[in-house]
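Have a look at the structure below before the remarks.
Each chain gets a letter, A, B and so on, in the order its sequence line appears, and its residues count up from 1.
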2 protein chains.
Amino acid sequence: MEANLKAETLKILGDQTRLRVAYLLVASKRSLCVCEIVDALNLPQYQVSKSLVMLRRAGLVEVDRNGTWGYYHPKVEDQVNEVLFGFVNDFCSGEPFGSDLDNLQKRLALREAGKCVVGFVPQKELQKLMRKKGVTV
Amino acid sequence: MEANLKAETLKILGDQTRLRVAYLLVASKRSLCVCEIVDALNLPQYQVSKSLVMLRRAGLVEVDRNGTWGYYHPKVEDQVNEVLFGFVNDFCSGEPFGSDLDNLQKRLALREAGKCVVGFVPQKELQKLMRKKGVTV
DNA sequence: TGTCTATATGCTCATATTTGCATATAATAT
DNA sequence: ATATTATATGCAAATATGAGCATATAGACA
């Protein structure tokens, strides 16, 4: 990572939405599907999508595409990123970060064979779907 | 520190000038006079002054005034800040952070009894002044 | 008193960023 | 094919930000 890019990197994280997305990816320690992030954060899809683009341009996350589905994860090959992710993990305590992670856990319970198999699930339908599938969190 | 203030705090550090100022304060582990910061970073006085105001509003630094002189230091009472400062210290490697710190060391050599006794010193005059005072760095 | 000097701040302009919406793209399912 | 779904993106309006310069403030000192 180059010189004044340090500040640029922090600027990317200096936005509530992007920081929440980044925290979810860092703290969950899993590759997350875009729709899972959208549901966990309860934000418009385009906001999450745009945030992910910016995090990717900043070299912070990477995507594995699987058909139309996209799985994002932190880019850990970069040594400087490790410092950054450790910090994000510690720094983002309290709300809304805690709830975001809770919501994600519920959403992840709907996976099958480790893969996301449903698209957007409005919060109110989540409970119903989970009961139907017999999952508990 | 409150919820979405986490992102706000990072936004403040997401600017090259403010990050350089913050790094200098964190890494030098001393209270620094505004003019010392101006000289070390070789930036216009108003830029440094404005940066300090923003860092202060964000609760990251504090100032002890001594007549017209202002000594700034990181605000370490806040626990979250400790995490932040540790991170800034590790994250800001390379240039221009390294040179900034070098320049500061030279500038600090002009102190007397631990206090700043000169105002702005253009880089070219620093050498001269130091020789006159018989200081080495 | 008046003059320096250290620091802060008001103002303006150019530029960047955010937000929301609509739509594009491309894969899958019927 | 057509419809549906997951994701990305282009655009416009509102707003925020950074750079630069001039100036204000207020303490020190002659």
Side-chain angles (χ1 to χ4, degrees), chain A residues 4 7-21 25 31-58 61-72 107 110-111 115-122 125, chain B residues 4 7-21 25 31-58 61-73 107 110-112 115-122 125:
Chain A
N4 83 333
E8 292 299 319
T9 300
L10 291 184
K11 189 191 290 194
I12 294 296
L13 294 176
D15 169 89
Q16 172 93 338
T17 302
R18 293 192 295 264
L19 186 58
R20 286 171 73 190
V21 171
L25 288 166
S31 273
L32 299 179
C33 185
V34 177
C35 61
E36 289 170 334
I37 301 175
V38 169
D39 284 348
L41 303 185
N42 198 21
L43 287 174
Q45 172 266 327
Y46 68 83
Q47 280 192 15
V48 171
S49 203
K50 280 178 178 171
S51 293
L52 286 166
V53 167
M54 296 186 75
L55 290 170
R56 195 147 67 88
R57 287 217 191 104
V61 307
E62 285 176 321
V63 62
D64 296 325
R65 262 184 229 297
N66 195 335
T68 23
W69 311 60
Y71 288 85
Y72 283 81
R107 223 347 269 259
L110 297 181
R111 283 194 178 189
K115 289 287 166 192
C116 178
V117 292
V118 294
F120 308 121
V121 181
E125 292 186 29
Chain B
N4 83 335
E8 292 300 319
T9 300
L10 291 185
K11 189 191 290 195
I12 294 296
L13 294 175
D15 169 90
Q16 173 91 338
T17 302
R18 293 192 294 264
L19 187 58
R20 287 171 73 190
V21 171
L25 287 166
S31 273
L32 300 179
C33 184
V34 177
C35 62
E36 290 170 333
I37 300 175
V38 168
D39 283 348
L41 303 185
N42 199 22
L43 287 174
Q45 173 265 327
Y46 65 82
Q47 281 193 13
V48 171
S49 202
K50 282 178 178 173
S51 293
L52 286 167
V53 168
M54 297 186 75
L55 291 171
R56 195 147 67 88
R57 286 215 191 107
V61 307
E62 286 176 321
V63 61
D64 296 324
R65 262 184 231 297
N66 195 334
T68 24
W69 310 60
Y71 287 86
Y72 282 82
H73 60 87
R107 217 356 262 262
L110 297 181
R111 283 192 177 190
E112 286 174 16
K115 287 287 165 192
C116 177
V117 292
V118 293
F120 308 120
V121 181
E125 292 187 27

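Between Arg57(A) atom CZ and dT17(C) atom C1' the separation is 13 Å, expressed in whole Å. At whole-Å resolution of the value, CG in Leu55(A) and P in dA8(D) are 12 Å apart. Atom P of nucleotide dC4(C) and atom CZ of Phe120(B) are separated by 17 Å, given to the nearest angstrom. Here dT7(C) presents its C1' atom at 16 Å from CG of Leu43(B), a figure rounded to the nearest Å. The CG atom of Asp64(B) sits 19 Å away from the P atom of dA6(C) (whole-angstrom rounding). Lys11(B) places its NZ atom 16 Å from the P atom of dA16(C), with the value rounded to the nearest Å. As rounded to whole Å, 11 Å separates atom P of dT17(C) from atom CG of Asp15(A). One interatomic measurement links the two molecules: CD1 of Ile12(B) to C1' of dT17(C), which rounds to 15 Å at whole-angstrom precision.
Put simply, the side chain of Tyr71(B) gets close to the backbone of Cys116(B): a donor and an acceptor are under 3.5 Å apart.
Residue-level contact check: Arg18(B) touches the backbone only, with heavy atoms under 4.0 Å from sugar-phosphate atoms and none from bases. Backbone-only contact: Val53(A) has heavy atoms under 4.0 Å from sugar-phosphate atoms and none from a base.
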### Message
Each nucleotide in nucleotides 22-30 of chain C should get exactly one letter: B, S or -. Can you fill that in based on protein heavy atoms under 4.0 Å?
### Response
----BS---
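Of the inter-residue distances, the one linking Asp15(A) atom CG with Lys11(B) atom NZ reads 7.0 Å to the nearest 0.5 angstrom. Note that CG of Leu10(B) and CG of Leu19(B) are 10.5 Å apart. Values are rounded to the nearest 0.5 Å. Taking OG1 of Thr17(B) as the reference point, atom CG of Leu41(B) lies at 8.0 Å (rounded to 0.5 Å).
Listed pair Gln47(B) / dG20(D) meets the phosphate criterion, a side-chain N or O lying under 4.0 Å from OP1 or OP2. Phosphate proximity of dA8(C) to Arg65(B): present, with a side-chain N or O under 4.0 Å from OP1 or OP2. Using a 4.0 Å cut-off, no side-chain N or O of Tyr72(A) falls inside it from OP1 or OP2 of dA6(D).
The closest side-chain heavy-atom distance from Val63(B) to Tyr72(B) is below 4.5 Å.
Between Gly14(A) and Lys50(B), the residue anchored nearer the 5' end of DNA chain C, judged by the nucleotide with its closest heavy atom, is Lys50(B).
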Please tabulate, one pair per line, all N/O donor-acceptor pairs under 3.5 Å involving side-chain atoms of residues 47-55 of chain A, not counting sequence neighbours.
unit_1	atom_1	unit_2	atom_2	d
Ser51(A)	OG	Gln47(A)	O	2.9

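For Arg57(A), the side-chain hydrogen bond (donor to acceptor under 3.5 Å, both in side chains) criterion is met by no residue, not counting sequence neighbours. Here Arg20(B) pairs with Asp100(B) under the side-chain hydrogen bond (donor to acceptor under 3.5 Å, both in side chains) rule; sequence neighbours left out. Looking at residues two or more places apart in sequence or on another chain, you find a side chain to side chain contact (heavy atoms under 4.5 Å, CB included) between Val118(A) and Arg107(A), Leu110(A), Val121(A).
Listed by residue number, the members of residues 32-42 of chain B with any heavy atom below 4.0 angstrom from DNA chain D form an empty set.
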